[in-house]
J.: 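Right, I'll just put the structure down here and ask away after.
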Amino acid sequence: MSKHALHLEGIGKKYRLRQKSTSLLGRLNPSKNEDWFWALRNIDLSLEEGKVLGVVGPNGAGKSTLLKVLSRITYPSEGRFTANGRMSSLLEVGTGFHPELSGYDNIFLNGSILGMTKTEIKASLDEIIEFSGVEQFIHMPVKHYSSGMKVRLAFSVAAHLTAEILLIDEVLAVGDASFQRKCLERMEDVSRHQGRTILFVSHNMRAVNDLCTDAIYVDKGSLVKSGTPEEITNFYNRSLEKKSIEIDLKDRKDREGSGAFRLESMRFTHEDGSPISELRSGQPAYLEIEYSGDKPPSALNFRLSIGRENDGFIAALSNHLSGANLSNLPASGKVRCALDKVPLMTGKYVVNARLTEQNIIADDVKRALVFEVLEGDYFGSGDLFSTQRTGVYIDQSWELI
Amino acid sequence: MPDRITVVDSKAPLAKGSFSNIRKYRELLISLAVRDFRVRFVQTRLGYIWAIVQPLVLVFILTFVFGKMLNVDTGGIEYPLFALSGQILWSYFSFAAVQGGQSLVQSQHMIRKIWFPRVVLPLSKSAVGLMDLGIGLLLLLVGVVVMGIGFTMNSVWILVAILLTWIAGTGISLWTSALSIRFRDVQHALPYIVQFLFFLTPVAYPTGILSRALPEGLAWMSYLNPMAGIIDLSRFGLFNSELSIEHLAISIGVAITLLISGWIYFHSVERNMADTL
């Protein structure tokens with residue numbers, strides 16, 4: 001039996017909802033009842049050595065609190081845990097980077113903040129510099145780096161951590177796509193070949209599926225379900241779906257933005273405005289969007305990202321993108337986007353919707369719409385190509401030259 | 001690897017293993033100190049020369065004001081040397097107290113994102129100050145030789161005085177850094193208090209002036225300021241000036257009490273620092 005790298009018994013963390021006032025006036029008349037909020041409660045968990053555990057759950061579920069407790073940034077209010085091996089946490093890359101120091105000096109500084117010894121840093125120094133891809137600028141102060149370069153350097157240091165247990169919080173959500181991939185590969189490498197134990201908090205279901213050996217679903221501070229990454233990511237998607245189906249768009253609370261304008265509803269309709277029950281590739285369709293606000297907007301932009309179920313971006317719809325300014329819009333109303341031929345291949349799609357006014361985000365709702373596209377003959381050629389893949393059809397013509 | 005087991009228990013007593021943690025994190029302490037030292041003179045023309053210029057200019061001003069204008073009696077010691085001997089200890093003390101006191105709030109970003117023994121932050125400030133102290137000490141020794149005072153066995157007391165300065169400065173910084181997490185007021189008050197304390201400390205004038213200004217029988221009170229006794233000790237070491245053992249004992253007692261109580265208070269609030277900041 002392999003031994004446990006991490007063992008949690010009844011871990012809980014409570015926070016005071018209303019911070020006790022630290023000003024003198026506030027202290028003179030203290031509120032009688034203090035409200036406590038359990039960000040985490042009764043978490044029991046064992047993680048064997050060499051396992052990679054994905055922690056998923058909705059925003060505010062307690063994932064980050066769990067990570068903070070395990071990385072000892074904050075102390076648990078109840079319960080105990082044991083970690084068998086050196087532990088490092090990555091809640092952020094580049095902690096402690098100093099802009100005036102060179103990249104080279106920052107490697108040592110950041111490394112020692114992350115708990116590496118000087119000898120260890122020296123041993124992997126060349127690798128770190130090479131991995132970062134900023135060799136040329138390594139003796140330049142970091143303040144002259146682009147933000148991308150900074151992130152790459154910071155991640156390189158993190159990727160060479162020597163700890164046996166790594167606690168990682170969505171740090172992969174930074175950097176450009178190719179560097180992200182490199183980091184994911186490096187992480188896979190680390191866990192598979194060096195027998196390290198990783199706890200990985202993420203919203204990226206593909207990463208969880210790709211990287212993790214186990215997964216747990218956390219909600220409202222409790223461990224709701226544990227299982228294989230596939231089970232858990234499906235569970236996660238279903239719970240999100242349930243949320244977006246059961247709750248009308250206008251009642252959704254998990255939105256961001258200034259709130260000056262809100263998305264009220266979204267649906268596909270026929271030209272006459274009646275709802276489409278079955279959306280098929282190649283057919284005409286209208287995406288109808290209802291919005292509301294207090295005063296007539298100026299430069300309102302609807303930005304819709306259409307993507308695959310788990311993640312991944314496929315196509316964008318935006319009135320500004322298409323050149324439509326939609327001037328003289330009323331404070332509240334309906335607009336629609338006409339698609340002559342639905343270009344999506346068979347499958348299930350999600351729409352993340354964002355409303356901006358003069359480039360300021362007014363409303364932002366993830367999974368504002370989930371829809372399915374059924375088989376259809378986009379080109380009218382009778383050939384339906386591969387039917388079970390999500391993607392888009394591109395208008396094309398072929399000729400002999 | 002049984003040597004690397006971490007156990008975190010909500011019911012564990014406070015401050016367990018804080019000393020061994022600091023040993024493990026001494027490299028971080030050094031890295032932070034080196035960072036602060038290097039960053040300080042970035043983009044200056046004079047660079048590290050500033051570290052020498054600063055104490056010299058200060059001594060020059062003290063010499064002009066107290067030596068020439070007020071004509072303070074130093075008991076026959078060249079005034080610049082007299083001032084320097086107090087100044088280097090005082091500078092170290094105020095640096096450790098003020099910089100160390102602000103260290104946690106200043107690095108709150110780090111505290112929220114990663115674990116390390118928090119005490120490393122104020123301690124690293126005490127370490128940065130040592131570099132200035134070293135430069136000052138060198139200037140002082142050069143002065144002693146140039147003035148033909150020479151060294152005796154007593155000169156070793158200057159090292160003891162430095163150690164005591166570290167104790168006093170670090171003790172205050174532990175208290176103030178931990179307190180300023182809850183009460184940022186401390187951050188605003190501290191530089192002023194240290195500045196006021198300068199005038200009540202025999203840096204620019206000999207200790208007798210201060211004692212004589214106080215009512216009969218209350219002279220000992222000025223030694224509740226630990227730096228008073230400590231600077232007396234360093235001057236006793238270098239110039240064989242007058243030294244009252246009783247008064248020195250009061251200063252040492254205060255310094256050590258500050259360090260121990262500061263250490264205990266710091267560790268009693270350490271667990272919740274990330275939540276309170």
Side-chain angles (χ1 to χ4, degrees), chain A residues 6-13 15-16 19-20 22-24 68-96 98-102 105-106 108-119 121 141 143 163-165 169, chain B residues 1-12 14 21 24-44 106-118 120-121 124 179-186 267-277:
Chain A
L6 269 176
H7 185 69
L8 285 68
E9 296 162 66
I11 287 289
K13 175 75 188 176
Y15 286 104
R16 208 178 262 123
Q19 252 322 329
K20 223 194 267 170
T22 52
S23 80
L24 274 175
K68 273 190 171 172
V69 169
L70 292 181
S71 56
R72 288 185 286 168
I73 291 168
T74 180
Y75 217 79
S77 311
E78 57 177 34
R80 73 197 296 267
F81 73 87
T82 317
N84 213 324
R86 259 179 70 187
M87 231 182 352
S88 266
S89 61
L90 276 179
L91 267 65
E92 171 193 70
V93 292
T95 309
H98 199 289
E100 299 284 359
L101 294 178
S102 69
D105 291 336
N106 268 311
F108 282 92
L109 182 63
N110 186 230
S112 65
I113 288 171
L114 292 172
M116 291 165 93
T117 65
K118 214 168 175 177
T119 334
I121 302 169
K143 64 177 172 183
E164 286 98 29
I165 303 171
D169 190 9
Chain B
M1 269 149 280
D3 54 328
R4 284 171 170 177
I5 294 181
T6 310
V7 181
V8 172
D9 194 329
S10 58
K11 295 185 191 74
L14 295 165
N21 270 336
K24 273 185 239 160
Y25 276 80
R26 64 179 182 282
E27 289 199 2
L28 173 60
L29 198 157
I30 295 165
S31 294
L32 291 173
V34 169
R35 174 194 72 177
D36 285 347
F37 192 73
R38 298 178 71 163
V39 163
R40 206 163 56 158
F41 300 118
V42 151
Q43 286 200 355
T44 56
Q106 228 171 43
S107 301
Q108 50 178 303
H109 185 72
M110 258 171 77
I111 292 175
R112 285 211 202 91
K113 290 296 179 190
I114 198 140
W115 181 83
F116 53 89
R118 308 308 190 200
V120 161
L121 289 168
S124 80
L179 275 173
S180 61
I181 286 179
R182 284 191 72 93
F183 310 101
R184 298 284 153 92
D185 315 52
V186 175
H267 284 91
S268 75
V269 297
E270 184 176 27
R271 283 184 183 178
N272 290 321
M273 278 180 186
D275 302 332
T276 324
L277 265 169

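Side chains included, hydrogens not; waters and symmetry mates left out as well; all remaining heavy atoms used. Lettering of chains follows the sequences in order, A, B, ..., and the numbering in each one begins at 1.
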J.: Out of A:Pro76, A:Gly96, A:Gly79, which one racks up the most heavy-atom pairs below 4.5 Å with chain B?
T.: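 Option with the top pair count is A:Gly79.
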J.: Rounded to the nearest 0.5 Å, what separation is found between the CD1 atom of A:Ile73 and the CZ atom of B:Arg118?
T.: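 If I round to the nearest 0.5 Å, the distance is 7.0 Å.
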J.: Output yes when a side-chain donor or acceptor of B:Glu27 lies under 3.5 Å from a complementary backbone atom of A:Lys118, and no otherwise.
T.: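 It does hold such a pair.
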J.: To the nearest 0.5 Å, how far apart are CG in B:Leu28 and OG1 in A:Thr117?
T.: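 Those atoms lie 12.5 Å apart.
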J.: Need one label for B:Ile30: side chain, backbone, both or neither, based on atoms under 4.5 Å from any heavy atom in chain A.
T.: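 When you check distances to chain A, no heavy atom of B:Ile30 falls under 4.5 Å.
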J.: Taking all non-hydrogen atoms of both residues, which atom of A:Arg72 and which atom of B:Trp115 are closest, and how far apart?
T.: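 Distance-wise, the nearest heavy atoms are O-CD1, 2.7 Å.
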J.: Picking from B:His109, B:Met273, B:Arg35, which has the most non-hydrogen pairs under 4.5 angstrom with chain A?
T.: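 Heavy-atom pairs under 4.5 Å are most numerous for B:Arg35.
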J.: Please find the pair of heavy atoms, one from B:Lys113 and one from A:Ser89, that lie closest to each other, and give the distance.
T.: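 Closest pair (atom of B:Lys113, atom of A:Ser89, distance): O-OG, 4.4 Å.
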J.: Can you tell me how far apart OG (A:Ser77) and CZ (B:Arg271) are? Round to the nearest 0.5 Å.
T.: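 Nearest 0.5 Å value for the OG-CZ distance: 10.5 Å.
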J.: Between A:Ile165, A:Asn106, A:Leu70, A:Asp105, who has the most heavy-atom pairs with chain B when the cutoff is under 4.5 Å?
T.: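 Going by pairs under 4.5 Å, I would pick A:Asp105.
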J.: Measure the CD-CG distance between A:Glu78 and B:Asp9 for me, rounded to the nearest 0.5 Å.
T.: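 Nearest 0.5 Å value for the CD-CG distance: 11.5 Å.
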J.: Tell me, do A:Ser71 and B:Ile114 make a side-chain contact under 4.5 Å, heavy atoms counted?
T.: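 Counting from C-beta outward, A:Ser71 and B:Ile114 never come under 4.5 Å.
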J.: Taking A:Tyr15 for the side chain and B:Asp275 for the main chain, is one N or O donor matched with an acceptor at less than 3.5 Å?
T.: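 No.
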J.: Atom OG1 in B:Thr6, atom CG in A:Asn84: separation rounded to 0.5 Å?
T.: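 If we round to the nearest 0.5 Å, B:Thr6:OG1 and A:Asn84:CG are 8.5 Å apart.
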J.: Walk me through it: do A:Thr82 and B:Val8 pass the test side-chain contact (heavy atoms from CB on, under 4.5 Å)?
T.: CA-CA 6 Å; A:Thr82 317; B:Val8 172; over 6 Å; no
J.: Would you say the side chain of A:Arg80 lies within less than 4.5 Å of the side chain of B:Val7, judging by non-hydrogen atoms?
T.: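 When only atoms from C-beta onward are counted, A:Arg80 and B:Val7 do touch, with a gap below 4.5 Å.
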